[in-house]
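Reviewing the structure listed below.
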Amino acid sequence: MIQLYGLRMSNYYSLIKALMIEKGVEFEEVKAPPTQEEDNLSRSPMGKMPSIGVDGQYLSESLAIAAYLDRIAPQPALLPSDPLAAAKVVELICHLKLDVELVARRCLPELLFKKPVSDETRESAKAELIKGMAAVDRIFVGGPYAAGDTVTLADFYTFYTFGLATGIGKAVMDLDLLADYPRIQAVIDLMAKHPSIARVEAEKAG
Ligand SMILES: N[C@@H](CCC(=O)N[C@@H](CS)C(=O)NCC(=O)O)C(=O)O
């Protein structure tokens, strides 16, 4: 049985929980806030969530965890079998993570703790987000899923990237991140009804 460490409020924790459900992997949730305490650092060297425990060994970083889950539970496949198509899915995920989620996250303290970020941080994050959105849109396939006609890992990252980024865009930057990106909005709407994600979101309330 795999242990999933973190908190349900975390978008990346939720993403990994959804993947475990999607793949039918047995897991238990262990409440573990992100701290710089030794026990947490031993699971996740930056002290972030999520991390997982596998037979006394630990793994952090959602993409590494997703790659591990794909090996131990290959079905349902969340990466195309064609090597280049699979790499394109990972490319899209990298841009979602690095050029949208991580950029928006710089302004998270203002949304979470009402602790205003500096004008410089807000303006630079906004400019980078606009650029990041254009980059994502450029390689976003759509129709109806992020990478084409089947669900892939990129759809899970799309859902959980924008869960965080649109809230920050609206509350901190007066920016409607998805206004000009209906194909991305359509994937989010579709994935909200996807059973594994719907269960994770429902359990957040409990
Ligand atoms: N690159 C990491 C990012 C994980 C991440 O940003 N986790 C957030 C919660 S969603 C966190 O632990 N934040 C607390 C901190 O940075 O100390 C991943 O993909 O797993």
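Sequence positions, counted from 1, serve as the residue numbers for this chain. Counting starts at 1 for both ligands and their atoms, following the listed order.
Side-chain contact check for Y157 and S62: at least one donor-acceptor pair (N or O, by modelled atom type) lies under 3.5 Å.
The immediate protein surroundings of ligand 1, defined as residues with any heavy atom under 4.0 Å of it, consist of S10, N11, Y12, P34, K48, M49, P50, E61, S62, K97, R105.
In this structure, the separation between CD1 on I2 and CD on E26 is 9.5 Å, given to the nearest 0.5 Å.
In this structure a side-chain-to-backbone donor-acceptor pair under 3.5 Å is present from S124 to T121.
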Show me the donor-acceptor pairs within less than 3.5 Å that the side chains of residues 131-143 make with the rest of the protein, sequence neighbours left out.
| residue | atom | partner | partner atom | Å |
| --- | --- | --- | --- | --- |
| D137 | OD1 | R183 | NH2 | 3.0 |

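Screening residues 107-120 for salt bridge (Lys or Arg N to Asp or Glu O under 4.0 Å), with sequence neighbours left out, gives E110-R122, D119-R122.
Applying the under-4.5 Å side-chain rule to Ile, Leu, Val, Met, Phe, Trp and Tyr, the cluster around L84 consists of that residue alone.
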